[in-house]
Structure formats: C-alpha cells, structure tokens
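Single-structure report; data block below.
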Amino acid sequence: MPVSVHSDDREELESLIHYLKHQHNLRKRSLVMDDREEGGYLFFLYQICDPRWISSYIESKNGSD
C-alpha cells in the first residue's frame, strides 16, 4: 500500500524527493501531481520510508528560515 505525501507547494515536494533520494536512497516513488481531492499536490512512496526522514527534512528547512 503506497503512502502519500501532501503539500500546498509543488517545489517543496520536489525538494523533499531530492532529499530522500540523496540522503536515504529512496527511489521508488511517483511524480508530484495535483491532488484533485484535497487541493495542493502529492506524490506516492512505493518503498519503506522512515517518517523520521521527512521530519528531519522539515526540521532542517525550518532551521534555515
């Protein structure tokens, strides 16, 4: 069962994908697409992803603001 990752910002999701690919070798995922049900954007993960990886990315982005 794939996991979906949502955001109102397409570029933020693209940046997250780049981070997951280069920091955690996560490769099995969809492209970023429009979320037709809830608005914004989303992509799907098709391999195991530790939620702490995404939290780490968010924390690093918030620390750089």
Side-chain angles (χ1 to χ4, degrees):
M1 178 63 95
V3 172
S4 59
V5 181
H6 301 257
S7 176
D8 291 330
D9 185 343
R10 177 184 288 271
E11 290 178 19
E12 186 71 22
L13 291 179
E14 295 287 355
S15 181
L16 173 58
I17 287 170
H18 179 80
Y19 170 83
L20 292 172
K21 180 179 178 182
H22 293 283
Q23 295 297 318
H24 302 287
N25 203 32
L26 192 134
R27 302 212 182 273
K28 295 181 180 180
R29 47 103 185 147
S30 72
L31 299 174
V32 175
M33 60 191 90
D34 294 336
D35 184 342
R36 296 180 187 156
E37 293 182 11
E38 297 181 27
Y41 304 94
L42 63 89
F43 70 92
F44 294 96
L45 295 172
Y46 296 104
Q47 73 185 74
I48 294 173
C49 174
D50 187 330
R52 293 177 290 188
W53 298 347
I54 296 174
S55 294
S56 174
Y57 169 79
I58 293 168
E59 288 171 10
S60 72
K61 295 298 286 183
N62 289 338
S64 66
D65 290 345

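All of these numbers come straight from a predicted model, not from anything done at the bench.
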Non-neighbouring partners of R52 that pass side-chain contact (heavy atoms from CB on, under 4.5 Å), sequence neighbours left out: D50
Fellow cluster residues of L42, listed by chain then number, with links counted only when side-chain atoms sit under 4.5 Å apart: M33, F44, Y46
Under the ring pair (Phe, Tyr, Trp, His ring centres under 6.0 Å) test, residues paired with Y19 that sit two or more places apart: H24, Y57
Listed once per pair and sorted, the salt bridge (Lys or Arg N to Asp or Glu O under 4.0 Å) pairs that draw on residues 17-34, sequence neighbours left out: R10-D34
Sub-4.5 Å side-chain heavy-atom contact between S30 and F43: yes
Spacing of CG belonging to L16 relative to CG belonging to L26, to within rounding of 0.5 Å: 9.0 Å
Residue list, salt bridge (Lys or Arg N to Asp or Glu O under 4.0 Å) with R36, at least two apart or on another chain: none
Results of side chain to side chain donor-acceptor pair (under 3.5 Å) for D8 - residues two or more places apart only: none
For H6, side chain to side chain donor-acceptor pair (under 3.5 Å) partners two or more places apart: S4, D35
